[in-house]
Amino acid sequence: MLKIYNTLSRSKEIFKPRVKGKVGLYVCGMTVYDYCHIGHARVMVVFDTVARYFRYCGYDLTYVRNITDIDDKIINRANENGEDFLPLTERFIDAMHEDERALSVLPPDQEPKATQFMPDIINMIETLVKKELAYIGTNGDIFYSVSRFAGYGKLSGKNIEYLQAGERVDVDTAKKDPMDFVLWKMAKPDEPFWQSPWGNGRPGWHIECSAMSTCCLGNHFDIHGGGMDLQFPHHENEIAQSEGATGEKFVNLWMHNGFVRIDEEKMSKSLGNFFTLREVLKKYKSAEVIRYFILTSHYRSPLNYSEQQLDDAGSALTRLYTALRDVEIKNVPIDKVYEQRFKEAMDDDFNTPIALSVLFDCVRELNTAKKDKKQDKIDSLATTLHQLAGIIGILQRNPKKALEAGFRWLKVTSHLEQEYNLDTDEKIQQHIDKRLAAKKNKNWASADKIRDELKEQGIVLEDVADGTIWRRE
RNA sequence: GGCUGCGUAGCAAAGUGGUUAUGCAGUGGCCUGCAAAGCCAUCUACGCCGGUUCGACUCCGGCCGCAGCCUCCA
């Protein structure tokens, strides 16, 4: 029985799809004017894990994650670069897809872009104007009249009375009320625009998500997600727009993931304290450490970024992959006890830290089974581990290759570098063979020297029954 | 000012009204030519002060500290 925390009710609720066996999930994606940072990676990984789990549970899921490809920041960045906004957004959409693949994030079923939904956006605004929920401001922009929508604030728990509009930002004098927000912005000279009944312009940020989500999933759908910071005003405004326009309930369940922090402070573009995924991958060989790191905390908790934590993630993955290194994944039934424990963890609002702890318990039992040479048990547990880990998108690489590659780019500054010349696996193997020969002659001093010197260069050797295997630290 | 949420061992991170979370790190042992990996054992906990209770890290109240939203942000 799957329970999910609903921001709307501030409690965990038993998940009931609108239509039996089907789920519609919409997640607010990226505004594409820069590379993805670790905060974006978290949204992608969290909702990818949610999507994978729904499918594992047998739901027919439609997962929609939008792309905001027109807004003020995109226009500003394009101007700074002296380019048109289109090549800019195309470039960063490609980059985002690369990052997504690196994180083992499966593509959503639909990835609507704001610029592709102009007719629907304009239709929705027209409806809102017709219903007198929106009006034309003194500058020609169209605004949503917040006071005309009963229940504004129900998602974020805000009371309009106490909101201090204009405290940090000057109130736009074109509005009737400081709380009102823009639906359609008139284009200034040299800005990209689309034609509308109110003149050439572009949509406000919030309306695109109302239009795209209802077009892709219907007026009323199951789950809407995104980062905590979107709760207010973005998602609050989406509710006002969608419910105002359609007259139907918009979304049953709202999910919001916590922030990534740096030194106990929110990572954000505006604070400038962010690391892009690309930067982090200059230190770590595989984005799997980042995915693992994200899964070590519950999706609603804050997640403090540090290299120490990514190193620990690498160590943990080493243990997991090591357990699978010398076994075969067979087509055998998986262990029901571990599957049940794993399911219970995930059913409890996607508790991935517990789910991971189940995997480690499975690893221990698997390692013991190996020691005791219980082949049936080994087959069953190895398959269980591999399959359950797959549900949360980890541990799907070839274990031997993953371990030989290692998880971190080590800076080796050893004087041995020239002498050993370890730039290919074959060359590493030559040194190992040399050591095996020394071992055969019981020339321990020589064998140990090779092992120590390889270790100095980040290569760890393990002598096993039928030879020597290696991995990178 | 209004509204959220958090405070767990060396680090990270779950959870529970009484019984081992888990990972990394540490210590002791087994294994090993010696290691590594693995297995076994083990040390460090629940911000502070009250209250409820046979019993609270877990519930209630107060206090302190931290983060977030009320502006664009995942």
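Residue numbers start from 1 in every chain, and the chains themselves are labelled A, B, ... in the order their sequence lines are given, proteins ahead of strands.
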Under 3.5 Å, N/O pairs linking protein and nucleotides 41-47 of chain B:
none

Could you go over nucleotides 37-39 of chain B and give all protein N or O partners under 3.5 Å, atom names and distances?
from, atom 1, to, atom 2, distance (Å)
B/rA37, O4', A/E462, OE1, 3.4
B/rG38, OP1, A/R319, NH1, 3.3
B/rG38, O3', A/N367, ND2, 2.9
B/rC39, OP1, A/R319, NH2, 3.3
B/rC39, OP1, A/N367, ND2, 3.2
B/rC39, OP2, A/R319, NH1, 3.1
B/rC39, O2', A/K371, NZ, 2.9

Nucleotide N/O of nucleotides 4-7 of chain B paired with protein N/O under 3.5 Å:
none

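Near-neighbour residues of RNA chain B inside residues 341-356 of chain A, defined by a heavy atom below 4.0 Å, number-ordered: A/N351, A/P353, A/I354. Using a 4.0 Å cutoff on non-hydrogen atoms, the parts of residues 428-445 of chain A near RNA chain B are A/R435, A/K439, A/W444, ordered by number. The stretch residues 380-400 of chain A does not touch RNA chain B, since none of its heavy atoms comes less than 4.0 Å from the strand.
B/rC6 and B/rG61 are spaced 14 Å apart, taking the P atom of each and rounding to whole Å. Atom name C1', nucleotides B/rA45 and B/rA21: the rounded distance is 13 Å, in whole Å. Atom P of B/rA37 sits at a distance of 42 Å from the matching atom of B/rA56, rounded to the whole Å. Comparing B/rC43 with B/rG5, their P atoms are spaced 36 Å from each other, to the whole Å. Between B/rC40 and B/rU20, the two C1' atoms lie 14 Å apart (nearest whole Å).
Taking the six-membered ring for Trp, A/F54 and A/F15 have ring centres closer than 6.0 Å. In this structure, the ring of A/Y26 has its center no less than 6.0 angstrom from the ring center of A/Y63. Annotation: A/H206 is in aromatic contact with A/F181 [ring centroid separation under 6.0 Å].
For a distance-only test at 3.5 Å, the side chain of A/D448 qualifies as a donor-acceptor partner of the base of B/rG33.
In the set B/rC70, B/rA35, B/rA14, B/rC70 carries the atom at the smallest distance from any side-chain atom of A/P233. Listed nucleotides B/rA12, B/rU22, B/rA74 differ in distance to A/S357; the shortest reach to its side chain belongs to B/rU22. With distances taken from any side-chain atom of A/K73 to the nucleotides B/rC72, B/rA74, B/rC34, the minimum falls on B/rC72. Taking only side-chain atoms of A/K158, from C-beta outward, the nucleotide of B/rG2, B/rA14, B/rA74 with the closest atom is B/rG2. The side chain of A/S297 sits closest to B/rA14 out of B/rG33, B/rA14, B/rA74. The side chain of A/H40 sits closest to B/rA74 out of B/rC11, B/rC69, B/rA74.
RNA chain B forms stems at B:1-7 with B:64-70, B:10-12 with B:22-24, B:26-30 with B:38-42, B:47-51 with B:59-63, each a run of 3 or more consecutive Watson-Crick or G-U wobble pairs whose two key distances fall under 3.5 Å.
Across A/F232, A/Y144, A/Y152, a single residue satisfies side chain to side chain contact (heavy atoms under 4.5 Å, CB included) together with A/N237, and that is A/Y152.
A/K266 comes within contact range of at least one nucleobase, with a heavy-atom separation under 4.0 Å. Among the protein residues, A/F259 comes within range of the nucleic acid bases, having at least one heavy atom under 4.0 Å from a base atom. Here A/G258 lies in heavy-atom contact (under 4.0 Å) with a base. Using a 4.0 Å heavy-atom distance criterion, A/V260 is classed as a base contact. Among the protein residues, A/G39 comes within range of the nucleic acid bases, having at least one heavy atom under 4.0 Å from a base atom. Nucleic acid contact for A/M44: none, since no nucleic acid atom lies under 4.0 Å from a heavy atom of the residue. At the heavy-atom level, A/R42 lies nowhere under 4.0 Å from the strands shown. At the heavy-atom level, A/S306 lies nowhere under 4.0 Å from the strands shown. Contacts of A/D311 with the nucleic acid, taken as non-hydrogen atoms under 4.0 Å apart, are absent.
Comparing A/M30 and A/L303 by the nucleotide of RNA chain B whose heavy atom lies nearest to each, the residue mapping closer to the 5' end is A/L303.
Of the N and O atoms on the side chains of A/H97 and A/E111, at least one donor lies less than 3.5 Å from an acceptor on the other residue. Residues A/E456 and A/Y420 have side chains that never bring a donor and an acceptor to within less than 3.5 angstrom of each other. Side chains of A/Y53 and A/D347: a donor on one and an acceptor on the other come within 3.5 Å. A/E208 and A/T68 share a side-chain donor-acceptor pair at under 3.5 Å.
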Stepwise, does the side-chain contact (heavy atoms from CB on, under 4.5 Å) test hold for A/R52 with A/I392? CA-CA 7 Å; A/R52 284 169 184 260; A/I392 53 177; over 6 Å; no

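Residues A/F143 and A/W184 are not in side-chain contact: their nearest non-hydrogen atoms beyond the backbone lie 4.5 Å or more apart.
Listed by chain and number, the residues in a salt bridge (Lys or Arg N to Asp or Glu O under 4.0 Å) with A/K439 are A/D463 (sequence neighbours excluded). Shown here are the side-chain hydrogen bond (donor to acceptor under 3.5 Å, both in side chains) partners of A/E13, two or more places apart in sequence or in another chain: A/N6, A/S9. In this view, A/S147 satisfies the side-chain hydrogen bond (donor to acceptor under 3.5 Å, both in side chains) rule with no residue, not counting sequence neighbours. The side-chain hydrogen bond (donor to acceptor under 3.5 Å, both in side chains) search around A/R408 returns A/Y284, A/E307, A/D311, not counting sequence neighbours. For A/R451, the salt bridge (Lys or Arg N to Asp or Glu O under 4.0 Å) partners two or more places apart in sequence, or in a different chain, are A/D448.
Around the NZ atom of A/K374, the shell of radius 6.0 Å holds no more than 12 heavy atoms that belong to other residues, nucleotides or ligands.
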